[in-house]
Number of protein chains: 4
Amino acid sequence: MTETQPARRRRRKEARPQELTAAALSLFVEKGFAATRLDDIAERAGVSKGTLYLYFDSKDALFKAVIQEGVVPALHAGEALLEQHDDPLELLRAILSGWWERIGSTELGGIPKLMMSEAGNFPDVAAYYQREVIQRGTALLRAAVSRGIARGVFREVDLDAICSVLIAPLVYRAMWRYSFGPRCGQEADVGPYLKTYFDLILNGLMAPVAAGDTQ
Amino acid sequence: MTETQPARRRRRKEARPQELTAAALSLFVEKGFAATRLDDIAERAGVSKGTLYLYFDSKDALFKAVIQEGVVPALHAGEALLEQHDDPLELLRAILSGWWERIGSTELGGIPKLMMSEAGNFPDVAAYYQREVIQRGTALLRAAVSRGIARGVFREVDLDAICSVLIAPLVYRAMWRYSFGPRCGQEADVGPYLKTYFDLILNGLMAPVAAGDTQ
Amino acid sequence: MTETQPARRRRRKEARPQELTAAALSLFVEKGFAATRLDDIAERAGVSKGTLYLYFDSKDALFKAVIQEGVVPALHAGEALLEQHDDPLELLRAILSGWWERIGSTELGGIPKLMMSEAGNFPDVAAYYQREVIQRGTALLRAAVSRGIARGVFREVDLDAICSVLIAPLVYRAMWRYSFGPRCGQEADVGPYLKTYFDLILNGLMAPVAAGDTQ
Amino acid sequence: MTETQPARRRRRKEARPQELTAAALSLFVEKGFAATRLDDIAERAGVSKGTLYLYFDSKDALFKAVIQEGVVPALHAGEALLEQHDDPLELLRAILSGWWERIGSTELGGIPKLMMSEAGNFPDVAAYYQREVIQRGTALLRAAVSRGIARGVFREVDLDAICSVLIAPLVYRAMWRYSFGPRCGQEADVGPYLKTYFDLILNGLMAPVAAGDTQ
DNA sequence: AATGAATGAGCTTTCATTCAT
DNA sequence: TATGAATGAAAGCTCATTCAT
């Protein structure tokens, strides 16, 4: 028992920053960066206000840490899908539903909302986000779609544009959870939304069956 | 000379509130509500800080006015379309491209971003917005889609879900203009986005042509 | 009576900065810069804490203003003495007793103490002070002494060194008033100090009367 | 090996408090008491912040220790001079140059600056300092001067006043080292200053040679 | 004896709000 | 109507002090 004490403490010490960014993320998403007080973050994390400054130089630095920490882990998972799926349709489905499961439906889903709200106030973080998240995500989608087009499964579409159009309903839905969501009981009911979404875009992408095709 | 003064003044006086909300809207959208100082709004509007209090009781009241003013004018325009178009496909296109032209592409396009960011801090305004904007807009879309289904032009889809999915890419694009947009030169290039968007959704909605159809 | 109101206000407005620096000076000298709270300054000046920020950007800026304002007015008075006195001995006496009357014995006498205490924390202000106050003051003394030597009234001495040595007892005494002074009742008794000081230095500077001089 | 450890440790332990006060002294002198953080002191002393509290109850207690430790050793050295010198002029010279060598030119020279800056914030320490340092130093000087007057070597002067006047240039110069000194390269050049100082005061004190004196 | 993570009171600074003019 | 000087509550941040290890 006396042995667990230091162990607990050490574990605590190492886990602290993530406990703090987790608390900060939820409040930033809920109220916005400027409207969130450090006291609130500290309270939610169960520490005192001063403790925040042991780990982060300033409120701004905390914001940056929140974004980076929420973004880094999801970077590789998606890119691995490219090799796991050959069929373009399956690949596209895997990417999009994977994003929803790993990001959109988790507490990380607040990050797009937060980043979009604060992009103007944190230009450097916004640049980082666009480079590391948006561009890499776009490249992933682009690879899937262009493979589909190459194989004649998807119709010819503007690659740049389609990527944004495809991801929009998912991001929008994730943002919704942290804005109007709380006032609707429909929260849990994402099923129909996703089903309809996939139905619409896959149908919309699919190349028309050639006249004489017997399929 | 003494006569023109009051005339100019009166016109000025009546226009004041809208000049103020316009200044407030652009700043709220750019920096967020909490991060925007009344000094900045006053400066952008070309008045003194005290003047704001002649027209609005508080910063919160100014926020509410900004939302209401940006929302009211667009309410009826859309609903009028229902009668102007008979063909469901044309109607749907008219509704969606109408939204983009009247809202999304104008300075009013910032309102969805603002409202989404601040929904948590202004529950009553959010409720108002949801009731007066989202639900009425949804009802409009719903009418168009269900008419299309009824006539066999559109496939059978979940009506509630499809409305959100359909509007998402447009709203998302509007929000983009006020977040990441300023850092991309692609700003002006909405054309391909819209084209691809309509291409995708209309194709995705369209009912499959029956085998023996001669079109 | 209704007329005096705006007048009083306008006068107030213009006089504010000096009321604030005066309050700040006395507290900075008494407690030191870091140990002085802005609340205390505001209270002593009879304003609220926020008012300080209408006139000064920060506590540091207030410090700089305190020094500059306390230094500027005394700059020219001394230099004018050079032309008013021809006799080197009278000139030297006029400079030194003039410093005491205009600076050392007034509330400005705290500035040397303050500047000396804080020189390390405000290198730029210290540089300004040294350039505008110390060097100009030294030049003045130097002119007086070198004139005395040229005329054979004073003995030959190191000009740089003598200037510092001469001013030291006066500055030291001024600083004393704001440190140990308050705990001695002797405060008022500067008379003997000055008398002894002048007696010592003038005697010490005087050239020995040549053997055959008939006085 | 296990034996040397405790030995080194013991020596270390006993030396600790002085290492700490030495670090504190240099920082207090450089930045002032309030502007010096305990972290800085600990870092300069090469210990952790908590260690300071093993030796001193509080920051205030550390300040008092710094003053006492810097003051005690010099107390007796000066008073011993009274018996070592008979000639008043030599005695006075020995006292003053002794002060410069033992205090003014060493790191203890910062103590007068520190004490003067903080006298208002530490009335009890100031009282102690005045009693144990200033008054005893003054008494020493007084003895030397009055012996000189009694023997007809020095002119008649106000004893209280002359003591302050005499020490002022030395203390002033010591304080200078820790304020404006760092910004002048002249630092090393105290020689001319001291030479001029002694030249001035001894000349100024000397009784005029009577007319018929054959010296 | 020594550490350094944690605390929270207290400080500087900001800004919505008021009000005399 | 319009102003802007003044306010003071509240926020970000610091740092002397404590204490479990």
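Below, read A as the first sequence line, B as the second, and so on, with proteins coming before strands; counting in each chain starts at 1. Quick caveat: nothing in here was measured; it's all calculated off a predicted structure.
- Scored by the salt bridge (charged side-chain N to carboxylate O under 4.0 Å, His left out) test, D/D39 finds D/K49 as partners (sequence neighbours excluded).
- The distance between atom NZ of A/K31 and atom P of F/dA11, rounded to the nearest whole Å, is 10 Å.
- Per the geometry, CZ belonging to A/F56 stands 14 Å off P belonging to E/dA5, to the nearest Å.
- Listed by chain and residue number, D/R44 satisfy the side-chain hydrogen bond (donor to acceptor under 3.5 Å, both in side chains) test with D/S26 (two or more places apart in sequence, or in another chain).
- Just one residue in the list B/L62, B/I41, B/V66 forms a side chain to side chain contact (heavy atoms under 4.5 Å, CB included) with B/L25, and that residue is B/V66.
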Dot-bracket assigned to DNA chain E with the 3.5 Å Watson-Crick/G-U criterion, [ ] for crossing and | for other-strand pairs, is .||||||||||||||||||||
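- For A/E69, there are no salt bridge (charged side-chain N to carboxylate O under 4.0 Å, His left out) partners, not counting sequence neighbours.
- Straight-line distance from the CG atom of C/L52 to the P atom of F/dA5: 15 Å, rounded to whole Å.
- In this model, the phosphate group of F/dA6 is approached by a side-chain N or O of C/R16 to a distance below 4.0 Å at OP1 or OP2.
- The distance between atom OH of B/Y55 and atom P of E/dT17, rounded to the nearest whole Å, is 18 Å.
- Straight-line distance from the CG atom of D/L62 to the P atom of F/dC15: 16 Å, rounded to whole Å.
- Of the candidates E/dA5, F/dT3, E/dG8, E/dG8 carries the atom nearest the A/S48 side chain, counting heavy atoms from C-beta on.
- Within the 4.0 Å cut-off from OP1 or OP2 of F/dT7, at least one side-chain nitrogen or oxygen of C/T51 is found.
- By the salt bridge (charged side-chain N to carboxylate O under 4.0 Å, His left out) test, A/D40 pairs with A/R37, sequence neighbours left out.
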A correct 5'-to-3' footprint of nucleotides 10-15 of chain E, with B, S and - meaning base, sugar-phosphate only and no protein heavy atom under 4.0 Å, is BSBBBS
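- When distances run from any side-chain atom of A/L54 to the nucleotides E/dA5, F/dT7, E/dT3, the shortest one goes to E/dA5.
- When the salt bridge (charged side-chain N to carboxylate O under 4.0 Å, His left out) test is applied to D/K31, no partner is found at least two apart in sequence or on another chain.
- When the ring pair (Phe, Tyr, Trp, His ring centres under 6.0 Å) test is applied to D/F63, the partners found at least two apart in sequence or on another chain are D/F33, D/F122.
- Side chain of D/K113 to backbone of D/Y178: a donor-acceptor contact under 3.5 angstrom is found.
- Residues forming a side chain to side chain contact (heavy atoms under 4.5 Å, CB included) with A/S48 (at least two apart in sequence, or on another chain): A/T51.
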